[in-house]
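Note that this is a predicted model, so its numbers are computed, not measured.
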Amino acid sequence: MFGPDWEAGCDGCSWVVDAMTHPAHLHARDTTLVLVSRAPREKLVRYQARMEWQYPTWYSSLGSDFNRDMGVTSCSCHAPDTDRGERHGISVFLRDGERVFRTYFSGKRGVEYLGSLWTYLDLTPYGRQESWDDSPPGWPQTPPYVWNRRHDEYET
C-alpha cells in the first residue's frame with residue numbers, strides 16, 4: 001500500500017481504507033483490523049492525517065521481512081503486477097496463545113470484495129461467532145444479532 005520511497009499511499013488501496021468500517025464492531029468479536037506497509041512510520045502518520053483516517057491502526061514493517069514473507073513485496077524491484085515492487089493483499093491471522101497462524105490470504109481482485117464488517121468477520125477462523133456458525137466446541141458463539149451495537153455503545 002505504501003512503499004518506503006513513495007510520497008503517498010496507493011490510490012486503489014486508499015480507496016479500500018476509505019470504505020472500511022468502524023473498528024468497534026470488529027473489536028466486539030475480538031477481531032482487529034490493521035494496515036501494514038513498508039513506508040517509515042512518519043510517512044504513514046502524515047498520510048493518515050492527510051486522508052483523515054481515524055482507524056485502522058497502521059504499522060510500519062520497514063526493516064523487516066514481513067511484507068516479503070506475506071507475498072506482497074517482491075525480492076526484486078518488480079512484482080508481477082506492479083513496477084513499484086509492492087502489491088496489495090489481505091492476510092487473516094489466528095493467535096493461539098503465543099502461536100500465530102495465517103489462515104487466509106487474498107490479493108488482486110479478491111481484495112475488492114472486502115469492505116463490509118460482515119465480510120471481514122466471515123474470513124476469520126471464528127467467523128461471526130454466532131450460533132448458526134459450524135464452529136468447533138469451545139469457540140465463542142452467541143445468538144445472531146444480539147451482540148451488535150452502535151460503535152460508541154460497546155463496552156471496552
Q: Count I, L, V, M, F, W, Y as connected when their side-chain heavy atoms are under 4.5 Å apart, and connections chain through other members. Are Val34 and Val100 then in the same cluster?
A: yes
Q: Determine whether Phe93 and Thr103 make a side-chain contact, defined as any pair of heavy atoms from C-beta on separated by less than 4.5 Å.
A: no
Q: Aromatic rings Trp6 and Phe2: how do their planes relate, parallel, tilted or perpendicular, breaks at 30° and 60°?
A: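 Because their plane-to-plane angle is under 30°, the rings of Trp6 and Phe2 count as parallel.
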Q: First locate atom CH2 of Trp147, then atom OG1 of Thr142, and finally report the distance between them rounded to the nearest 0.5 Å.
A: 8.0 Å
Q: Quick one: does Thr31's side chain get under 4.5 Å of Leu121's, heavy atoms only?
A: yes
Q: Look at the side-chain heavy atoms of Ile, Leu, Val, Met, Phe, Trp and Tyr, link any pair under 4.5 Å apart, and say whether Tyr47 and Val16 land in one connected group.
A: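 Both belong to a single hydrophobic cluster.
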Q: Give me the atom names and distance for the closest heavy-atom approach of His88 to Lys108.
A: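 Looks like NE2-O, 2.9 Å.
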Q: Is a side-chain donor-acceptor pair under 3.5 Å present for Tyr104 with Thr124?
A: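 Result is no, nothing qualifies.
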Q: Can Ser91 and Arg102 be counted as having a side-chain donor-acceptor contact under 3.5 angstrom?
A: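 A donor-acceptor contact under 3.5 Å links the two side chains.
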Q: May I ask you to test the Trp58-Val36 pair for a side-chain heavy-atom distance under 4.5 Å?
A: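 A side-chain contact under 4.5 Å is absent here.
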Q: Shortest non-hydrogen contact from Ser61 to Arg38?
A: OG-CG, 3.5 Å
Q: Please report whether the ring centroid of His27 lies less than 6.0 Å from that of Tyr154.
A: no
Q: Please determine whether side chain to side chain contact (heavy atoms under 4.5 Å, CB included) holds for the pair Ser14 and Met1, giving the CA-CA distance in whole Å, both sets of side-chain angles, and the decisive distance to 0.1 Å.
A: CA-CA 8 Å; Ser14 297; Met1 171 167 184; 4.1 Å; yes
Q: Rounded to the nearest 0.5 Å, what separation is found between the OH atom of Tyr120 and the OG1 atom of Thr32?
A: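 It is 13.5 Å, given to the nearest 0.5 Å.
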Q: Which heavy atom of Ala39 sits nearest to which heavy atom of Lys43, and what is that distance?
A: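 Here Ala39 and Lys43 meet closest at CB-CB, 4.3 Å.
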Q: Does the side chain of Leu35 come within less than 4.5 Å of Cys13's, by heavy atoms?
A: no
Q: In the single-linkage hydrophobic clustering (I, L, V, M, F, W, Y; side-chain heavy atoms under 4.5 Å), do Ile90 and Met20 co-cluster?
A: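 Yes, Ile90 connects to Met20 through the hydrophobic network.
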Q: So how far is it from Leu33 CG to His25 NE2, rounded to the nearest 0.5 Å?
A: 13.0 Å
Q: Roughly how far apart are Phe66 CZ and Ser37 OG, rounded to 0.5 Å?
A: 10.5 Å
Q: Just jot down the side chain to side chain contact (heavy atoms under 4.5 Å, CB included) partners of Ser131, sequence neighbours excluded, or say none.
A: Pro144
Q: If we only count heavy atoms from C-beta on, is the Tyr55 to His22 side-chain gap below 4.5 Å?
A: yes
Q: Crowded around Asp30 CG? As in, over 12 foreign heavy atoms under 6.0 Å?
A: no
Q: Mind listing the closest non-hydrogen atom pair of Phe105 and Met70 along with its distance?
A: CE1-O, 3.8 Å
Q: How would you list, by chain and number, every residue that makes a salt bridge (Lys or Arg N to Asp or Glu O under 4.0 Å) with Arg95, sequence neighbours excluded?
A: none
Q: Check side chain to side chain contact (heavy atoms under 4.5 Å, CB included) between Asp133 and all other residues, then give those that pass, not counting sequence neighbours.
A: Arg128, Glu130, Ser135, Gln141
Q: Grab the two heavy atoms, one from Gly3 and one from Glu86, that are nearest each other, plus how far apart they are.
A: CA-CG, 4.2 Å
Q: Between Val17 and Pro56, which heavy-atom pair has the shortest distance, and what is it?
A: CG1-CD, 4.1 Å
